[in-house]
A.B. asks: 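Shown below is the structure under consideration.
Ligands are counted one by one from 1 in listed order, and the atoms in each one are counted from 1 as well. All values reported here derive from a predicted model rather than from experimental measurement.
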Amino acid sequence: MTAASVNPIDVRRAQGYGRRLLSLLGAGKFPMVLGNDLAGVVTAVGSGVSAFRLGDRVYGTKPPSTDGTHASHVLVKAAHLLPAPPEGDLQALAALPYSFVTMWLAVRGAGLTPQNARGKSVLVLGAAGGLGTLALQMLSTWGATVAAIARPQDFPACREAGARVVIDSTGKPFASLSRTFDATLNFASWELDRLLLGCLHDGAFGHATTVHPLLGNFDELGWVRGALKTMSDKRSHRAALPKRVQNYHWTIFKPEAAALSELGKLVERRRIFLPMGPRVLLTDAAQGFDHVKTGRRGRVLILPDS
Ligand SMILES: NC(=O)c1ccc[n+]([C@@H]2O[C@H](COP(=O)([O-])OP(=O)(O)OC[C@H]3O[C@@H](n4cnc5c(N)ncnc54)[C@H](OP(=O)(O)O)[C@@H]3O)[C@@H](O)[C@H]2O)c1
């Protein structure tokens, strides 16, 4: 391993979040090694794998498990890896796959594609975060007109990532927004999800959120009441959609091949990157987790000890 990143989900899973539903994937019990993405050099290849050889520089993702990427060595499916460009910062690529794939799933869940996005207006909440920044970069590359809701100190970064309009998240951002958007993306707050739905016009593509109560409902309420509460939460938000809006999507990360393929293309074209935070050794991983817990800017990387 050359590096792995720390995402908000790692911090929450360390506190027990998601244990009930993730137990269905064998990923709910302590002790667990966290981490969903990686960059490194191939040191062994399974039989039947022809895409990679020993010594190849790679980056990629690993689905939630108790055997994650915050480790010195990681066993990963070849299908979940991409070849890294020969030049450039290999460590920094470890910040991208999990966030990019989740963001891509949300964008597609809202009904946007590279073919239909040109000229469409998209509103992004949480625009200065990891997923938000990647959405601004990808959607502006696809030709969409993106409006970013973020703190004023993050406006320059949002514009640099591709936002055409910036809206102050610290005031009352939704008070000034009319129902004109073709798609809305929530990377920040479940409590604000309905207000985003109110920004879609009739017949818009749709909405996706990566922040939803699915895992939390099952943790807090158990299997039966958790399932009932989840159905009711989803139904009530769907009912708040404007007329003829078809897509309402609760995004859940999975290592989607098409998303990884799009990431590979954008990395090759140098169109995708995230602001970096501290790089800490595996033995100092707690410092990296503190950085994420306190909401500081920049993706944290964990590097092997030697
Ligand atoms: N469902 C899944 O499978 C999945 C996968 C990956 C991520 N996620 C979730 O998706 C979310 C985004 O991930 P990320 O990696 O981009 O997180 P991140 O880097 O921490 O960014 C989150 C952003 O949301 C903003 N924000 C938070 N609360 C807000 C509020 N009430 N109003 C306005 N802005 C607010 C933050 O801005 P400030 O710092 O200015 O508050 C920050 O810019 C996280 O909650 C993460 O857990 C879900």
Side-chain angles (χ1 to χ4, degrees), residues 5-15 17-18 21-22 25 27 34-37 61-64 68 94-110 123-138 147-158 161 163 166-175 177 184-196 199 208-218 230 234 249-256 259 272-277 288-301:
S5 70
V6 184
N7 286 274
I9 189 68
D10 298 312
V11 171
R12 299 181 75 187
R13 281 185 69 202
Q15 295 161 344
Y17 172 73
L21 263 194
L22 291 175
L25 304 175
L34 296 160
N36 285 98
D37 44 16
T61 186
K62 185 162 181 173
L96 297 176
Y98 175 74
S99 296
F100 183 90
V101 169
T102 308
M103 176 281 295
W104 185 97
L105 290 165
V107 166
R108 296 301 294 261
L123 179 63
V124 179
L125 180 66
L131 272 61
T133 300
L134 296 171
L136 301 185
Q137 293 168 354
M138 185 181 81
I149 306 179
R151 289 177 195 267
Q153 64 262 36
D154 293 323
F155 285 177
C158 288
V166 285
I167 299 148
D168 186 353
S169 63
T170 62
K172 289 193 172 168
F174 296 97
L177 290 169
T184 48
L185 298 169
N186 184 359
F187 300 133
S189 161
W190 172 243
E191 284 67 37
L192 299 177
D193 204 60
R194 275 172 189 268
L195 290 172
L196 279 164
C199 296
T209 179
T210 61
V211 283
H212 47 70
L214 177 67
L215 296 185
N217 281 345
F218 282 92
T230 297
K234 216 171 195 177
H249 191 256
W250 283 12
T251 306
I252 300 167
F253 167 80
K254 59 179 176 176
E256 181 81 25
I272 209 100
F273 52 88
L274 279 178
M276 300 308 299
F289 274 61
D290 284 345
H291 181 95
V292 180
K293 251 184 237 170
T294 49
R296 278 173 275 165
R297 288 276 290 159
R299 275 296 191 254
V300 175
L301 294 181

A.B. asks: May I ask you to check if ligand 1 and Asp154 share an N or O to N or O distance below 3.5 Å?
C.D. replies: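 There is no such contact.
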
A.B. asks: Between the side chain of His249 and the main-chain N/O of Thr209, is any donor-acceptor distance below 3.5 Å?
C.D. replies: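 Here the side-chain-to-backbone pair does not exist.
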
A.B. asks: To the nearest 0.1 Å, how far is atom 43 (O) of ligand 1 from its closest protein heavy atom, and which atom is that?
C.D. replies: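 Looking only at protein heavy atoms, the one closest to atom 43 (O) of ligand 1 is Gly129 N, 3.2 Å.
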
A.B. asks: I need the contact type for Ser189 against ligand 1. Using non-hydrogen atoms and a strict under-4.0 Å cut-off, is it side chain, backbone, both or neither?
C.D. replies: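 Ser189 to ligand 1: side-chain contact only, backbone stays beyond 4.0 Å.
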
A.B. asks: For residues Ala147 and Ile167, report the shortest heavy-atom separation together with the two atoms involved.
C.D. replies: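 Heavy atoms only, the tightest pair is CB-CD1, 4.0 Å.
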
A.B. asks: Under 3.5 Å, is there a donor on one side chain and an acceptor on the other for Thr210 and Asn186?
C.D. replies: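 There is no such pair (donor and acceptor under 3.5 Å, judged by atom type) between the side chains of Thr210 and Asn186.
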
A.B. asks: Using the salt bridge (Lys or Arg N to Asp or Glu O under 4.0 Å) rule, take Arg297 and Asp154 through it: C-alpha gap first, then chi angles, then the decisive distance, then the call.
C.D. replies: CA-CA 10 Å; Arg297 288 276 290 159; Asp154 293 323; 3.5 Å; yes

A.B. asks: Side chain of Glu256, backbone of Leu105: donor and acceptor closer than 3.5 Å?
C.D. replies: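 No, Glu256 side chain to Leu105 backbone: no donor-acceptor pair under 3.5 Å.
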
A.B. asks: Give the numbers and elements of all ligand 1 atoms closer than 4.0 Å to a heavy atom of Phe253.
C.D. replies: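 Answer, ordered by atom number: 2 (C), 3 (O).
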
A.B. asks: Does the protein come close to atom 4 (C) of ligand 1 - that is, does one of its heavy atoms sit below 4.0 Å from that atom?
C.D. replies: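 Yes, at least one protein heavy atom sits under 4.0 Å from atom 4 (C) of ligand 1.
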
A.B. asks: Counting only heavy atoms closer than 4.0 Å, does ligand 1 sit against the backbone of Thr102, its side chain, both, or neither?
C.D. replies: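 For Thr102, only side-chain atoms sit under 4.0 Å from ligand 1.
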
A.B. asks: Would you mind telling me if ligand 1 is within reach of the side chain of Tyr98, the backbone, both or neither, using heavy atoms under 4.0 Å?
C.D. replies: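 The answer is the side chain.
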
A.B. asks: Just which atoms of ligand 1 are under 4.0 Å from any heavy atom in Arg299?
C.D. replies: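 Answer, ordered by atom number: 14 (P), 15 (O), 19 (O).
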
A.B. asks: Any idea which part of His212 is under 4.0 Å from ligand 1, heavy-atom wise: side chain, backbone, both or neither?
C.D. replies: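 Within the 4.0 Å criterion, His212 contacts ligand 1 through side-chain atoms alone.
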
A.B. asks: Considering both backbone and side-chain atoms of Gly132, is one of its nitrogen or oxygen atoms within less than 3.5 Å of a nitrogen or oxygen in ligand 1?
C.D. replies: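 In fact, backbone or side chain, Gly132 has no N or O that close.
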
A.B. asks: Is there a donor-acceptor contact under 3.5 Å from the side chain of Asn217 to the main chain of Leu214?
C.D. replies: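 Checking the backbone N and O of Leu214 against the side chain of Asn217, no donor-acceptor pair under 3.5 Å is found.
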
A.B. asks: List ligand 1 atoms under 4.0 Å from Pro8, heavy atoms only on the residue side.
C.D. replies: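 Listed by number with element: 15 (O), 17 (O), 20 (O), 47 (O).
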
A.B. asks: In terms of residue, atom name and distance, what is the protein heavy atom nearest to atom 32 (N) of ligand 1?
C.D. replies: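 Answer, as residue, atom name and distance: Leu192 CD1, 3.7 Å.
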
A.B. asks: Under a 3.5 Å distance rule, please check whether Asp168 uses its side chain to pair with a backbone N or O of Thr170 as donor and acceptor.
C.D. replies: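 A pair under 3.5 Å: yes.
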
A.B. asks: Can you pull out the closest protein heavy atom to atom 33 (C) of ligand 1? Residue, atom name and distance to 0.1 Å, please.
C.D. replies: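 It is Leu125 CD1, 3.8 Å.
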
A.B. asks: Which atoms of ligand 1 have any heavy atom of Ala128 under 4.0 Å away?
C.D. replies: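 Listed by number with element: 43 (O).
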
A.B. asks: Ignoring hydrogens, tell whether any protein atom lies closer than 4.0 Å to atom 37 (O) of ligand 1; use the non-hydrogen atoms only.
C.D. replies: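 It does not: no protein heavy atom is found less than 4.0 Å away from atom 37 (O) of ligand 1.
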
A.B. asks: Ignoring angles and geometry beyond distance, decide whether Arg151 reaches within less than 3.5 Å of ligand 1 through its nitrogen or oxygen atoms.
C.D. replies: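 Between Arg151 and ligand 1 (N or O atoms, distance only) the closest approach is under 3.5 Å.
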
A.B. asks: Just by distance, do the side chain of His291 and the backbone of Gly298 share a donor-acceptor pair under 3.5 Å?
C.D. replies: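 Yes, His291 side chain to Gly298 backbone: donor-acceptor pair under 3.5 Å.
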
A.B. asks: Show which atoms of ligand 1 fall inside a sub-4.0 Å distance from at least one heavy-atom site of Gly126.
C.D. replies: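 What qualifies from ligand 1 is 23 (C), 24 (O), 25 (C).
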
A.B. asks: Could you identify the single nearest non-hydrogen protein atom to atom 11 (C) of ligand 1 and state the distance to 0.1 Å?
C.D. replies: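 For atom 11 (C) of ligand 1, the nearest protein heavy atom is Phe187 O, 3.5 Å.
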
A.B. asks: Which atoms form the tightest heavy-atom contact between Pro255 and Val101, and what is the distance?
C.D. replies: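 Between these two residues, the closest heavy atoms are CA-CG1, 4.4 Å.
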
A.B. asks: Where is the nearest protein heavy atom to atom 48 (C) of ligand 1: which residue, which atom, and how far?
C.D. replies: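 The closest one turns out to be Thr210 O, 3.2 Å.
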
A.B. asks: Starting from atom 19 (O) of ligand 1, which protein heavy atom do you reach first, and at what distance in Å?
C.D. replies: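 Closest protein heavy atom to atom 19 (O) of ligand 1: Gly130 N, 2.9 Å.
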
A.B. asks: If you take all heavy atoms of Arg13 and Ala27, which pair is closest and at what distance?
C.D. replies: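 Where Arg13 meets Ala27 most closely, the heavy atoms are NH2-O, 2.9 Å.
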
A.B. asks: For ligand 1, does Gln153 get within less than 4.0 Å through its side chain, its backbone, both, or neither, judged by non-hydrogen atoms?
C.D. replies: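 The answer is neither.
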
A.B. asks: Without hydrogens or angle criteria, can the side chains of Asp37 and Ser5 be said to hold a donor-acceptor pair below 3.5 Å?
C.D. replies: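 Yes, side-chain donor-acceptor contact under 3.5 Å.
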
A.B. asks: I need the minimum non-hydrogen distance between Ile272 and Met138, along with the two atoms involved.
C.D. replies: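 Nearest heavy atoms, Ile272 then Met138: CD1-N, 4.4 Å.
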
A.B. asks: Under 3.5 Å, is there a donor on one side chain and an acceptor on the other for Thr61 and Asn36?
C.D. replies: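 There is no such pair between these side chains.
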
A.B. asks: So which heavy atom on Ala106 is nearest to which on Phe187, and how close?
C.D. replies: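 So the minimum-distance heavy-atom pair works out to CB-CE2, 3.9 Å.
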
A.B. asks: Ligand 1 versus Thr251, non-hydrogen atoms closer than 4.0 Å: side chain, backbone, both, neither?
C.D. replies: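 Looking at Thr251 and ligand 1, just backbone atoms fall under 4.0 Å.
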
A.B. asks: Fit a plane to each ring of Trp250 and His212, take the angle between them on a 0 to 90° scale, and name the class: parallel (under 30°), tilted (30 to 60°) or perpendicular (over 60°).
C.D. replies: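 Answer is parallel, since the angle falls under 30°.
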
A.B. asks: Below 4.0 Å, non-hydrogen atoms only: which portion of Val211 touches ligand 1? Side chain, backbone, both or neither.
C.D. replies: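 Only the side chain of Val211 comes within reach of ligand 1.
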
A.B. asks: Counting each atom of ligand 1 from 1 as listed, which ones have a heavy atom of Ile252 under 4.0 Å away?
C.D. replies: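 Heavy-atom distances to Ile252 below 4.0 Å select 3 (O).
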
A.B. asks: Only heavy atoms of Ala188, strictly under 4.0 Å: list the atoms of ligand 1 that pass.
C.D. replies: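 Within the 4.0 Å cut-off of Ala188, ligand 1 contributes 24 (O), 25 (C), 26 (N), 27 (C), 28 (N), 29 (C), 34 (N), 35 (C).
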
A.B. asks: On a heavy-atom basis, I'd like to know which of Leu131, Leu274, Val6 is closest to atom 7 (C) of ligand 1.
C.D. replies: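 That would be Leu131.
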
